[in-house]
Number of protein chains: 2
Amino acid sequence: MGITKSESFTDEQNEIANLLKALANPARVAIIQYLLKVDSCICGDIVNELPLAQPTISQHLKELKNANIIQGTIEGKSICYCINSETMTKIERYFEGISLKLKNKCC
Amino acid sequence: MGITKSESFTDEQNEIANLLKALANPARVAIIQYLLKVDSCICGDIVNELPLAQPTISQHLKELKNANIIQGTIEGKSICYCINSETMTKIERYFEGISLKLKNKCC
DNA sequence: TTTTATTATCGTAATATTGCAATATATAAA
DNA sequence: TTTATATATTGCAATATTACGATAATAAAA
């Protein structure tokens, strides 16, 4: 049905799935990598960097923003986007936890 | 167009996006959590654990398997699935790298 | 061999995602 | 105020994902 049965799962399971979904796209991975690369918090020249049209980039940025993975502040004519490290830390911890549990297992 | 322009991005970007896509679903998050919880490597009673039909679970397991996140070995009548820790470590390292880079920035 | 249990595949319906052209909005500069 | 620049929104087409019933495939047990 194309619809995920979110009600059937815990809030935590849905939360992590939503965070990962926001990152699970090569364009959005590239946006994150670009934001990491540039020294300071960068604005809309992501459009010049990536081979996608401006509305497409804007849409990807919106999804990342909705997931709280990036945040944008208005700066004159343009908008300055940057990564929300708290959210990234949350994701990192999730996988750290998985790796820890895996160390005590065999397969 | 519903189609991701994979050709426009690097192999690394596509790889991480595909790994995260495989994990970016609450049912698959739940499957991973279940595989982590049970002491030994467990078989198809994931179906009894989750509120989804058997073909749906089978499909999710296939996606996780294709992404190399889990692996299954035939064991008599049933199949024993378990998490591939190498892949999980790879994902963990990716987020570790992001967090590290973020520590040297401000926003 | 027949039965039973376990997992996979097929086909299909409902919904979601991706991408872009066209256009709107917002703000700075002239 | 007009113009230019930057970003967002709308609408749509193409494709992907999710879920499941029906059914197939596989292998142990009877």
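Residue numbering restarts at 1 for every chain, and letters A, B, ... go by the order of the sequence lines.
- Contact of the Met88(A) side chain with the Asn84(A) side chain is not registered, since no non-hydrogen atoms from C-beta on lie closer than 4.5 Å.
- Contact annotation for Ser78(A): backbone-only contact, meaning every heavy-atom pair under 4.0 Å involves sugar-phosphate atoms and none involves a base.
- A sub-4.0 Å separation between OP1 or OP2 of dT17(C) and a side-chain N or O of Lys21(B) is absent.
- No chain of hydrophobic side-chain contacts below 4.5 Å, direct or via other Ile, Leu, Val, Met, Phe, Trp or Tyr residues, connects Leu36(B) to Leu100(A).
- Relative to the side chain of Thr56(A), the nucleotides dA19(D), dG19(C), dG21(D) differ in distance, and dG19(C) lies closest.
- At whole-Å resolution of the value, CG in Leu64(B) and C1' in dT17(D) are 14 Å apart.
- Annotation: of the two residues near DNA chain D, Gln59(A) and Cys80(A), the 5′-most nearest-nucleotide partner is Cys80(A).
- Between dT7(C) and Lys62(B), no contact under 4.0 Å exists linking OP1 or OP2 to a side-chain N or O.
- The distance from atom CG of Asn25(B) to atom C1' of dA16(D) is 13 Å, rounded to the nearest whole Å.
- In this structure, the nucleotide among dG21(D), dG19(C), dA8(D) sitting nearest to the side chain of Lys5(B) is dG19(C).
- Taking 4.5 Å as the limit, every side-chain heavy atom of Ile91(A) sits out of range of all side-chain heavy atoms of Tyr94(B).
- Residue Lys77(A) contributes atom NZ, which lies 17 Å from atom C1' of dA8(D) at whole-angstrom precision.
- What separates NE2 of His60(A) from C1' of dT17(C) is a distance of 9 Å, to the nearest Å.
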What side-chain donor-acceptor pairs closer than 3.5 Å can you find for residues 23-32 of chain A, not counting sequence neighbours?
{"unit_1": "Asn25(A)", "atom_1": "OD1", "unit_2": "Ala27(A)", "atom_2": "N", "d": "2.8"}
{"unit_1": "Asn25(A)", "atom_1": "OD1", "unit_2": "Arg28(A)", "atom_2": "N", "d": "3.3"}
{"unit_1": "Arg28(A)", "atom_1": "NE", "unit_2": "Ala22(A)", "atom_2": "O", "d": "2.6"}
{"unit_1": "Arg28(A)", "atom_1": "NH1", "unit_2": "His60(A)", "atom_2": "ND1", "d": "2.8"}
{"unit_1": "Arg28(A)", "atom_1": "NH1", "unit_2": "Glu63(A)", "atom_2": "OE1", "d": "3.4"}
{"unit_1": "Arg28(A)", "atom_1": "NH2", "unit_2": "Lys21(A)", "atom_2": "O", "d": "3.3"}

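- In this structure, the CG atom of Asn18(A) is 14 Å from the C1' atom of dT17(C), given to the nearest Å.
- Summary of the strand contacts: Ile74(A) and Ala53(A) both lie near DNA chain C, and taking for each the nucleotide with the nearest heavy atom, the more 5' one is attributed to Ala53(A).
- Distance Ile79(B) CD1 to dT26(D) P: 11 Å, rounded to the nearest Å.
- When heavy atoms are screened at a 4.0 angstrom cut-off, Glu63(A) is found touching the sugar-phosphate backbone but no base atom.
- You'll find a donor-acceptor pair under 3.5 Å spanning the side chain of Gln54(A) and the base of dA8(D), going by distance alone.
- Note on Tyr81(B): a side-chain N or O is less than 4.0 Å away from OP1 or OP2 of dA8(C).
- Distance CD1 (Ile46(A)) to P (dT7(D)): 9 Å, rounded to an integer number of Å.
- Backbone-only contact: Leu52(B) has heavy atoms under 4.0 Å from sugar-phosphate atoms and none from a base.
- Looking only at side-chain heavy atoms (C-beta outward), Tyr81(B) and Lys65(B) come within less than 4.5 Å of each other.
- Listed nucleotides: dA19(D), dT7(D), dA21(C). Nearest to the side chain of Pro55(A): dA21(C).
- Rounded to an integer number of Å, the gap from Leu50(A) CG to dT7(D) C1' is 15 Å.
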